[in-house]
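Working notes for the structure below.
Reckoned from all heavy atoms, side chains included, excluding hydrogens, waters and symmetry mates. Here the structure is a predicted model, which means the values were calculated and not measured.
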Amino acid sequence: MASNPYANVVEVNGSIIIDLRSDTVAASHLESGYTAHDASGAPVAGSLSFVTYHVSSSEPTSSDGSDGDIWLVTE
């Protein structure tokens, strides 16, 4: 049995049509909710999240935005 249970190279009729062996994807660089495959062919689930910046003339209410958002209140 092969030591790598994932496919990282796909060959059809002697031609390589997919080659993941030099891929450098990492979970921390892939947006949360997306899946890719690393150089071994193993699935990588994204863990990167983004901060949202809000600019407003009033304070946010408890229903505005999400945890981690940044609010800039201007006069």
Side-chain angles (χ1 to χ4, degrees):
M1 180 176 217
S3 61
N4 180 3
Y6 305 104
N8 60 355
V9 175
V10 176
E11 186 175 326
V12 176
N13 296 327
S15 296
I16 294 175
I17 59 170
I18 298 174
D19 187 348
L20 304 177
R21 294 175 291 186
S22 62
D23 284 7
T24 59
V25 69
S28 62
H29 296 144
L30 183 63
E31 186 175 357
S32 181
Y34 288 88
T35 303
H37 297 85
D38 66 14
S40 74
V44 175
S47 63
L48 178 65
S49 60
F50 294 94
V51 173
T52 302
Y53 295 91
H54 302 273
V55 178
S56 176
S57 60
S58 61
E59 295 286 330
T61 66
S62 61
S63 64
D64 288 333
S66 302
D67 284 346
D69 286 1
I70 295 175
W71 287 84
L72 302 172
V73 178
T74 61
E75 293 183 14

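- Minimum heavy-atom separation, A39 to S22: CB-N, 4.5 Å.
- Crowding of F50 atom CZ: a count of heavy atoms from other residues, nucleotides or ligands under 6.0 Å exceeding 12.
- Contact between V73 and P60 at its shortest, heavy atoms only, is CG2-CD, 4.5 Å.
- Within the structure, side chain to side chain donor-acceptor pair (under 3.5 Å) contacts touching residues 29-39 (residues at least two apart or in different chains) are D38-S40.
- Applying the side chain to side chain contact (heavy atoms under 4.5 Å, CB included) test to D69 and every residue at least two apart in sequence or in another chain returns T52, H54, S66, W71.
- Applying the side chain to side chain contact (heavy atoms under 4.5 Å, CB included) rule to T61 yields the partners S63, D64; only residues at least two apart in sequence or on another chain are considered.
- A36 is linked by a side chain to side chain contact (heavy atoms under 4.5 Å, CB included) to V25, L30, counting only residues two or more places apart in sequence or in another chain.
- With a 4.5 Å cut-off between side-chain heavy atoms of Ile, Leu, Val, Met, Phe, Trp and Tyr, the cluster of V10 takes in V12, I17, I18, L20.
- Counting only residues at least two apart or on different chains, the side chain to side chain donor-acceptor pair (under 3.5 Å) pairs with a member in residues 9-21 are D19-R21.
- Rounding to the nearest 0.5 Å gives a distance of 7.5 Å between CD1 of I70 and CG of L72.
- For the pair A27 and A45, the tightest heavy-atom approach, listed with the atom from each and the gap, is CB-O, 3.3 Å.
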